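Keep in mind it's a predicted model, so treat the numbers as computed, not measured. Just so it is clear, the values below take in all heavy atoms, side chains as well, and ignore hydrogens, waters and symmetry mates. Here is the naming used below: chain letters follow the sequence lines, and residue numbers restart at 1 for every chain.
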Amino acid sequence: MVDLRNDFLGIKSPNPFWLASAPPTDRETNVVRAFKAGWGGVVWKTLGEDPHVVNVNGPRYGAIHAGDRRLIGLNNIELITDRPLGINLQEIKKVKREWPDRAMVVSLMVPCEEQNWVDILKAVEDTNADGVELNFGCPHGMSERGMGAAVGQVPEYVGMVARWCKANTRMPVIVKLTPNIGDIRQPARAANEGGADAVSLINTVNSIIGVDLDIMAPEPHTDGKGTHGGYCGPAVKPIALNMVAEIARDPETHGLPISGIGGITTWRDAAEFMALGAGNVQVCTAAMTYGFKIIDELTSGLKNWMSEKGYSSIDEFIGMAVPNVTDWQYLNLNHIVKAKIDQDKCIKCGRCHIVCEDTSHQAITSMLDGQRHFEVIDEECVGCNLCVSVCPVENCITLEQMTEGTDPRTGQPINPDYANWTTHPNNPNRVGEAAE
Amino acid sequence: MVGTKQSGIAAGRLSGEKYAENFSDLHPPLTSHEALVEADRCYFCHDAPCVTACPTGIDIPMFIRQILTENPNGAAKTIFDENIMGGMCARVCPTETLCEQACVRNDCEEKPVLIGQLQRFATDTAMATGEQPYERASSTGKKVAIVGAGPAGLACAHRLALLGHEAVIFEARPKSGGLNEYGIAAYKAAENIAQREVEFITSIGGISVEHGKALGKEITLDGLRNKFDAVFLGMGLGGVNGLGIDGEDGEGVEDAVEFIAGLRQADELSALAVGRKVAVIGGGMTAIDAAVQAKLLGAEEVTIAYRRGKDQMNASAFEQDLAQTNGVTIRHNVQPVRVVVDSGKVSGIELEYTQAQAGKLVGTGETFILNADMVFKAIGQTFNGEVATLALEGRRIRIDSDRKTSLDGVWAGGDCVAGGDDLTVAAVEDGKRAAESIHQTLSA
């Protein structure tokens with residue numbers, strides 16, 4: 001039997017799917033709807049100090065669509081909660097009391113003074129919430145006021161506030177990181193040194209989603225002006241996966257629990273985050289695109305996949321892909337692959353040919369005996385995967401490993417031994433022997 | 001090979017290959033690529049109109065999303081949760097008047113998501129694993145008698161078994177499946193799907209089928225009520241309406257229902273005899289199935305004669321198109337007045353034009369003869385009235401929304417009850433609802 005139960009920092013939830021701190025977790029009504037739908041937990045939308053902030057009265061969101069208006073990226077300029085602190089705390093307490101088996105984590109953002117954090121932590125403890133998440137990520141609005149990403153971009157501040165919080169509450173402390181930084185490991189290390197129990201990432205990416213070319217203003221705009229927002233949704237998933245992996249494999253933070261966030265839309269996305277070390281995941285845009293009901297797809301899909309793979313609990317695969325994330329210099333340069341086109345599946349659109357011809361290695365034919373025909377020329381193919389990436393038919397083009405003979409491109413015999421850049425003759429800094 | 005131009009009723013009109021080709025799968029299944037592309041079209045609507053339009057209420061957007069996320073077995077489970085015969089229904093449901101008619105894509109592109117074909121993709125994938133996706137609840141010790149191993153009875157049995165009860169099905173015919181096995185055109189039920197589905201359903205355990213047991217003959221309702229904790233009646237319609245005209249007993253006049261059943265049970269299609277010129281009287285699915293299959297068996301001319309207009313036909317627009325694509329002629333607004341019989345054999349049918357007058361259908365008096373050496377009656381089936389003690393509504397068993405009959409401890413569903421759509425999917429819903437109600441009653 002597959003068990004989806006999740007224990008993150010001792011915070012238990014029936015499944016590893018939490019709703020991220022965002023509009024879907026802004027109030028009791030939404031959170032109760034989410035719990036009824038089956039979500040494992042929530043991170044309540046970020047609380048701040050009274051008087052509460054206000055939002056614009058114009059559009060808060062902008063979107064990027066793929067064909068057929070499938071939403072692939074969302075940008076927002078909404079701030080933290082725009083309701084009084086007391087009302088939020090009251091609702092949090094009530095919902096936690098009524099839904100004791102669900103994770104209730106509260107996101108916080110107050111000015112960078114220890115007393116401000118002490119005060120709000122005390123207030124949150126009274127709600128019996130399971131933990132807090134420090135919002136050092138919001139890239140818009142709040143950062144102008146010295147909070148959110150303005151803190152997250154300075155590792156010293158991250159460590160400092162984490163330390164204050166750990167010193168002043170019994171609750172687990174999760175630090176939410178901003179991706180708007182050069183090296184994500186720096187704030188993660190700072191959070192770790194500050195005693196944070198976990199990090200969660202990523203928050204949204206600085207973005208302008210588009211430009212209205214009629215009024216010449218960024219989208220979305222209010223009264224003719226726009227501002228940058230935070231970008232999220234399926235489009236940011238690769239950025240998030242990399243950052244999660246960087247923290248998971250960094251010797252200084254390896255083992256630090258991670259709550260994965262960033263474009264998680266399907267069970268597979270979630271499994272990928274977990275494989276790269278996330279102990280659970282947080283979802284927002286997918287719920288804001290399709291509603292809370294997607295939780296059924298997430299849980300059913302994850303369960304079916306686990307059952308097929310023989311995993312009985314999620315701990316069995318968390319972090320399993322981390323050892324296989326490495327630096328470029330350690331990739332095996334003797335591993336030779338060639339693209340292969342399955343002629344039965346090929347629909348002869350020619351996209352593989354033209355991208356290879358125009359932008360890569362001229363390694364795919366377009367004609368054979370006067371007929372439209374696409375075939376890989378092994379003498380030219382470097383195995384780059386571009387043709388696979390642009391082919392509209394799944395599994396029509398595959399990369400096949402050469403295990404013996406001679407690589408027709410280089411004329412070199414296939415070498416079964418591992419060899420990487422560190423020992424390559426062209427590397428001026430090469431060492432004697434390859435290190436894995 | 002006799003060919004299509006041999007007069008009279010003859011077998012072996014076609015070559016062996018032609019039979020195989022004619023009776024192969026009507027819609028070849030979607031490949032996984034096709035399924036992904038089609039699934040991508042679903043908008044995952046809230047309170048989706050397609051779900052409302054499905055008599056069994058399958059969560060269609062959810063199963064399509066599961067296909068899209070490469071979880072076809074999960075998709076099938078979503079389907080089976082509401083409709084354990086999702087495999088057959090994917091093949092025989094008139095989707096163009098149910099889920100697909102309701103699809104919001106009709107408003108965008110006049111092209112609905114192909115829900116039926118996606119359902120088939122998911123259920124085929126799951127059934128190919130050979131796994132029963134359900135585990136039974138612990139035994140309740142209760143036994144329920146089910147009359148009829150058709151869609152209603154099997155759906156009822158599966159749900160009862162799931163809930164921990166034991167189901168004993170009494171079936172008059174030698175095989176289970178009901179109309180799925182005996183009453184549906186062969187090209188809609190290729191590759192023995194009806195029997196594979198029966199095996200899939202009964203593999204949950206706790207279901208036994210006793211064949212050769214017909215209600216009113218080998219078994220009685222009173223007997224079942226005495227011996228079991230509850231009874232579900234799903235024996236369908238045993239009677240066939242007669243034409244009530246001269247010449248009806250001439251050689252060459254046959255029941256369409258029998259013809260369809262015989263075709264499905266035939267080991268060798270070339271042994272089946274069919275006329276050169278065939279007339280089918282009726283306007284429902286049975287008329288279409290008989291007419292199309294007569295054509296596919298090598299009849300030269302097949303004509304459906306229906307007494308009302310195109311829009312009144314019970315057969316869906318898709319089915320009517322299917323008939324016409326196969327070369328069947330459909331004549332509307334004609335009614336039979338006499339079967340023309342020469343030396344005991346049918347040679348034609350005399351049809352009278354009809355028209356609506358003050359809402360009533362009347363003959364105009366003008367008639368013509370349609371030459372035919374074979375005439376199929378497909379003007380509906382009737383409830384045999386096996387159980388005199390049950391209250392009826394119209395000419396079928398009266399039930400409430402829980403599928404309870406007028407007798408304590410007796411539930412009913414499928415074609416034998418009043419108010420249904422005479423569809424497989426409606427029968428499945430009846431069986432499922434009845435099982436839930438029986439469970440409630442037995443648990444009380």
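Between Ile64(B) atom CD1 and Glu297(A) atom CD the span is 13.0 Å, to the nearest 0.5 Å. Rounding to the nearest 0.5 Å gives a distance of 8.5 Å between CD1 of Ile294(A) and CE of Met62(B). With rounding to the nearest 0.5 Å, the separation of CG in Asn304(A) from CG in Asn73(B) is 6.0 Å. Of the inter-residue distances, the one linking Asn395(A) atom CG with Ser32(B) atom OG reads 7.5 Å to the nearest 0.5 angstrom. In this structure, the separation between CZ on Arg105(B) and CG on Asp68(A) is 4.0 Å, given to the nearest 0.5 Å. A distance of 10.0 Å separates OG1 of Thr266(A) from CG of Asn71(B), quoted to the nearest 0.5 Å.
Taking the side chain as every heavy atom from C-beta outward, Arg268(A) and Thr69(B) never approach each other to under 4.5 Å. At least one side-chain heavy atom of Lys293(A) sits less than 4.5 Å from a side-chain heavy atom of Asp59(B).
Other residues, nucleotides and ligands contribute more than 12 heavy atoms inside 6.0 Å of the NZ atom of Lys348(A). Counting non-hydrogen atoms of other residues, nucleotides and ligands closer than 6.0 Å to CD of Glu110(B) gives a total of 12 or fewer. Summarising the local packing, NZ of Lys303(A) is surrounded by 12 or fewer heavy atoms from other residues, nucleotides or ligands at distances under 6.0 Å. Other residues, nucleotides and ligands contribute at most 12 non-hydrogen atoms within 6.0 Å of the CD atom of Glu191(B). The 12-atom threshold is exceeded at CD of Glu400(A), counting heavy atoms of other residues, nucleotides or ligands nearer than 6.0 Å. Around the CD atom of Gln371(A), the shell of radius 6.0 Å holds no more than 12 heavy atoms that belong to other residues, nucleotides or ligands. Within a 6.0 Å sphere centred on NZ of Lys188(B), heavy atoms belonging to other residues, nucleotides or ligands number more than 12.
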- Query: Where do Ser300(A) and Lys77(B) land on the side-chain contact (heavy atoms from CB on, under 4.5 Å) test, with the steps shown first?
  - Reply: CA-CA 9 Å; Ser300(A) 135; Lys77(B) 175 78 165 30; over 6 Å; no
- Message: salt bridge (charged side-chain N to carboxylate O under 4.0 Å, His left out) for Asp40(B) and Arg70(A)? Distances and angles first, verdict last.
- Response: CA-CA 9 Å; Asp40(B) 199 38; Arg70(A) 173 172 299 277; 2.6 Å; yes
- Check the pair Phe44(B), Thr289(A) against side-chain contact (heavy atoms from CB on, under 4.5 Å), reporting the backbone distance first and the verdict last. CA-CA 10 Å; Phe44(B) 200 70; Thr289(A) 310; over 6 Å; no
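Both the sub-6.0 Å distance and the 45° axial angle are satisfied by Arg65(B) relative to the ring of Tyr290(A).
Of the atoms belonging to His46(B), not a single heavy atom falls under 4.5 Å from chain A.
Among all heavy-atom pairs drawn from Trp267(A) and Glu70(B), the shortest one is CZ2-O, 4.4 Å.
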